[in-house]
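Scope of the values below: all heavy atoms of this structure, side chains included, with no hydrogens, waters or symmetry mates. Order of the sequence lines sets the chain letters (A, B, ...), proteins ahead of strands, with each chain counted from 1.
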There are 2 protein chains.
Amino acid sequence: MRWHTAEVASRTSSPLSNPDELDFQTVLAALSDPVRLGIVAALAEVDGVHCGGFALPVGKSAASRHFRILREAGVIRQWDDGVRRLNSLRRDELDHRFPGLLTLAIAEGAAVRVPFAPE
Amino acid sequence: MRWHTAEVASRTSSPLSNPDELDFQTVLAALSDPVRLGIVAALAEVDGVHCGGFALPVGKSAASRHFRILREAGVIRQWDDGVRRLNSLRRDELDHRFPGLLTLAIAEGAAVRVPFAPE
DNA sequence: GTTCATGTTCGGCAACCGTCGAACATATGG
DNA sequence: CCATATGTTCGACGGTTGCCGAACATGAAC
């Protein structure tokens, strides 16, 4: 048998917790960092980008940490696809739980939006 | 001549800067602390409370710091009245600059709202 | 002037945060 | 099997943050 897409974490032991309880202060803290806000703004343009698809101003380890903070705050969802880890905004959950916040973050994050990596 | 109310800082040398340019990330950072979010939620109930009017879970110096962070982020406005320093939410500016954010903060901050000091 | 009430500032401390480099783990492709 | 690509994890480092107590500054009341 063959899975058309791996929906479970296989890159690490911890099983990619995408939380269902969103905490206001945790979300604010996640969005108050310029790199993370820039990622959110970029994901608002193109959804489903893998971690390496952004031209981040930090190294791999710091980038990995930023994505994990965004995921654990419930701002983004992550899932594995082959060797890559894809990212998308949790628009519906955020809009439902904190109406207007994501819209605001996307608009304000435009100033620090992260560019996409070449090819 | 006599001033009916001191509208300028006299308690310290730095002249109580109430900024007119509000930065999104700075505001988020200010609101992501439980004590400060609790102060905002309390100010939404009763406006114009002096610093000592809250029963904060921290000492004087930490409290002073929290109020300063809120003021410098543009979340609250402060002015002196005799020996006391009064606080109020900058509702209009916040609503105009970040529509919906303060409403959200007040609602979510209810869980950590700070009590008022006795008498 | 003296005393009291109210906040601010300073120094110090512990904890946390953002970053890096190196090592590791997993999937894919020869 | 081996090499490569993609992320994660670990240990370390420096900077920031939140907290406290002590000292200071200001205004009011006596």
All N/O contacts under 3.5 Å from nucleotides 14-18 of chain D to the protein, with atom names and distances to one decimal?
from, atom 1, to, atom 2, distance (Å)
D:dG18, OP1, B:R36, NH2, 3.1
D:dG18, OP2, B:R65, NH2, 3.2

Rounded interatomic separation in angstrom, taking [atom1] from [X] and [atom2] from [N]:
{"X": "B:D80", "N": "D:dA28", "atom1": "CG", "atom2": "C1'", "answer": "14 Å"}
{"X": "B:K60", "N": "C:dG11", "atom1": "NZ", "atom2": "P", "answer": "18 Å"}
{"X": "B:F67", "N": "C:dT8", "atom1": "CZ", "atom2": "P", "answer": "8 Å"}
{"X": "B:D81", "N": "C:dT6", "atom1": "CG", "atom2": "P", "answer": "13 Å"}
{"X": "A:L56", "N": "C:dC20", "atom1": "CG", "atom2": "P", "answer": "10 Å"}
{"X": "A:F54", "N": "D:dT6", "atom1": "CZ", "atom2": "P", "answer": "14 Å"}
{"X": "B:L16", "N": "C:dT9", "atom1": "CG", "atom2": "C1'", "answer": "14 Å"}
{"X": "A:Q25", "N": "C:dC16", "atom1": "CD", "atom2": "C1'", "answer": "16 Å"}

Return the [atom1] to [atom2] distance between [X] and [Y], rounded to the nearest 0.5 Å.
{"X": "A:R77", "Y": "A:S88", "atom1": "CZ", "atom2": "OG", "value": "5.0 Å"}
{"X": "A:L102", "Y": "A:R91", "atom1": "CG", "atom2": "CZ", "value": "6.0 Å"}
{"X": "A:L31", "Y": "A:T26", "atom1": "CG", "atom2": "OG1", "value": "11.0 Å"}
{"X": "A:R36", "Y": "A:R68", "atom1": "CZ", "atom2": "CZ", "value": "10.0 Å"}

So, B:Q78 and B:R85: side-chain donor and acceptor under 3.5 Å apart, yes or no? no
Taking donor-acceptor contacts at under 3.5 Å, does the side chain of B:S61 reach the base of D:dG21?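 Side chain to base: pair found, below 3.5 Å.
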Shortest side-chain distance from B:Q78, nucleotide among C:dT8, C:dA27, D:dT8: C:dT8
NZ/NE/NH1/NH2 to OD/OE distance under 4.0 Å, B:E108 and A:R97: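 A salt bridge is present here (some side-chain N lies under 4.0 Å from a carboxylate O).
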Set of ring pair (Phe, Tyr, Trp, His ring centres under 6.0 Å) partners for A:F54, sequence neighbours left out: A:F67, A:F116
Should B:H50 be listed as having a side-chain N or O under 4.0 Å from OP1 or OP2 of C:dG7? yes
Hey, is the side chain of A:R84 poking within less than 4.0 Å of OP1 or OP2 on D:dT6, counting only N and O atoms? yes
